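Worth saying up front: this structure is predicted, and the values here are computed from it rather than measured.
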Amino acid sequence: MDFEIKRTTTVEFPDTYFKVDLNDLESFISEKLIEKDYGNSVTKYFWGFELFKFDGGFAQFFRNDIESWKHSVKWFVTNSNFDWNIIKDLTELQSLQLIKKEMLTSIGRINNMKRKPKDFDYEKLIQDLDLILTDFIKTKKTFYNKV
């Protein structure tokens with residue numbers, strides 16, 4: 001399965017306040033999922049990472065409940081919202097733990113959709129991503145323990 005992180009980040013804080021390299025995370029996940037098969041209904045999964053101040057001027061343009069299945073191209077999209085007011089004070093490892101929790105939760109929302117893919121084992125995707133993200137976080141912990 002193909003995997004991609006779609007990023008939307010507002011300019012309410014400098015980029016240095018967000019300590020996670022989403023390109024690195026996306027590459028790691030993509031490499032682990034490329035040979036996986038979760039059914040015929042979905043061949044590419046997009047996860048939306050949306051970072052903005054929940055009490056800021058951009059908040060009105062975001063919502064945390066996007067689940068979209070593009071059946072003609074077999075793409076699935078979910079998203080997660082993150083608050084700059086919280087993220088700015090987190091370490092990289094804390095941010096990754098939050099990202100993991102929110103990503104898995106967003107995929108779980110598929111269960112509540114009225115019109116969802118018939119042949120898509122999203123529960124297996126959640127299990128696999130849980131392991132993949134745990135592994136990614138362990139590699140970061142190992143790096144910090146060496147420094």
(message) Show the nearest heavy-atom pair for residues Glu12 and Gly56, with the distance to one decimal.
(response) OE2-CA, 3.7 Å
(request) Given side chain to side chain contact (heavy atoms under 4.5 Å, CB included), test Phe18 with Thr9 step by step and report yes or no. (result) CA-CA 10 Å; Phe18 182 61; Thr9 305; over 6 Å; no
(message) If we ignore hydrogens and angles and just use 3.5 Å, is the side chain of Glu26 paired with the main-chain N or O of Ile5 as donor and acceptor?
(response) yes
(request) Please check if the side chain of Ser41 supplies one atom and the backbone of Asp119 the other of a donor-acceptor pair under 3.5 Å. (result) yes
(message) Could you measure the distance from the CD1 atom of Ile132 to the CD atom of Glu31? Nearest 0.5 Å is fine.
(response) 10.5 Å
(request) Rounded to the nearest 0.5 Å, what's the gap from CG on Asp83 to CD1 on Ile87? Could you check? (result) 8.5 Å
(message) Given 3.5 Å as the limit, does a donor-acceptor pair link the side chain of Arg109 with the main chain of Asn79, or not?
(response) yes
(message) Starting from Val77, can I reach Val73 by hopping between I/L/V/M/F/W/Y residues whose side chains sit under 4.5 Å apart?
(response) yes
(message) Nearest 0.5 Å, please: how far is CG in Asp121 from CG in Asp37?
(response) 9.5 Å
(message) For Asp89, is the CG atom crowded, meaning more than 12 foreign heavy atoms sit under 6.0 Å from it?
(response) yes
(request) Look at the side chain of Arg7 and the backbone N and O of Leu22, then say whether any donor-acceptor pair between them is shorter than 3.5 Å. (result) yes
(message) Can you confirm whether Lys36 sits close enough to Asp128 that some side-chain heavy atom of one is under 4.5 Å from a side-chain heavy atom of the other?
(response) yes
(request) Measure the NZ-CZ distance between Lys32 and Phe3 for me, rounded to the nearest 0.5 Å. (result) 14.0 Å
(message) Less than 3.5 Å apart, any donor N or O on the side chain of Thr43 or Tyr38 sitting next to an acceptor on the other?
(response) no
(message) Surrounding NZ of Lys44 (heavy atoms of other residues, nucleotides or ligands, distance under 6.0 Å), is the total greater than 12?
(response) yes
(request) Find the distance between CG (Leu125) and CG (Leu104) and round it off to the nearest 0.5 Å. (result) 8.5 Å
(message) If we ignore hydrogens and angles and just use 3.5 Å, is the side chain of Lys53 paired with the main-chain N or O of Asn85 as donor and acceptor?
(response) no
(request) Start with the C-alpha gap between Thr91 and Leu96, add the side-chain angles, then the distance that decides, and say whether side chain to side chain contact (heavy atoms under 4.5 Å, CB included) holds. (result) CA-CA 9 Å; Thr91 66; Leu96 284 169; over 6 Å; no
(message) Could you tell me if the side chain of Glu4 sits less than 4.5 Å from the side chain of Lys6, heavy atoms only?
(response) yes
(message) When you measure from the side chain of Lys19 to the backbone of Tyr17, do you find a donor-acceptor pair of N or O atoms at a distance under 3.5 Å?
(response) yes
(request) Any chance you could lay out the side chain to side chain contact (heavy atoms under 4.5 Å, CB included) test for Ser106 and Trp47, step after step, and finish with the verdict? (result) CA-CA 8 Å; Ser106 75; Trp47 178 62; 3.4 Å; yes
(request) With the side chain counted from C-beta on, respond yes when Leu51 and Asn81 share a heavy-atom pair under 4.5 Å apart, and no when they do not. (result) no
(request) State whether the side chain of Ser27 and the backbone N or O of Asp24 hold a donor-acceptor pair below 3.5 Å, judged by distance alone. (result) no
(request) Would you please test Ser68 and Lys70 for side chain to side chain donor-acceptor pair (under 3.5 Å) and show each step? (result) CA-CA 6 Å; Ser68 178; Lys70 308 296 182 198; 3.1 Å; yes
(request) Could you grab the distance from atom OG1 of Thr10 to atom CD of Glu50, nearest 0.5 Å is fine? (result) 10.5 Å
(request) Would you verify whether the NZ or CZ of Lys118 falls within 45 degrees of the ring axis of Phe120 while also being under 6.0 Å from that six-membered ring's centre? (result) no
(message) For a 4.5 angstrom cut-off between non-hydrogen side-chain atoms, does Met1 reach Glu35?
(response) no
(request) Check whether any side-chain heavy atom of Tyr45 sits under 4.5 Å from a side-chain heavy atom of Ile107, and report yes or no. (result) yes
(request) Measure the shortest side-chain to side-chain distance between Leu98 and Leu90 over non-hydrogen atoms and say whether it is less than 4.5 angstrom. (result) yes
(request) Taking Glu92 for its side chain and Val20 for its backbone only, find out whether a donor-acceptor pair lies under 3.5 Å. (result) no
(message) Looking only at the aromatic ring of each residue, does the gap between the centers of Trp75 and Phe46 stay below 6.0 angstrom?
(response) yes
(message) Under the criterion side chain to side chain contact (heavy atoms under 4.5 Å, CB included), I'd like the reasoning laid out for Ile86 against Phe54: C-alpha separation, chi angles, the key distance, then a yes or no.
(response) CA-CA 10 Å; Ile86 294 171; Phe54 285 11; over 6 Å; no
(request) Please determine if Asp130 and Lys100 form a salt bridge, counting it only when a charged side-chain N lies under 4.0 Å from a carboxylate O. (result) yes
(message) Tell me if the centroids of the rings in Phe49 and Phe82 come within less than 6.0 Å of each other.
(response) yes
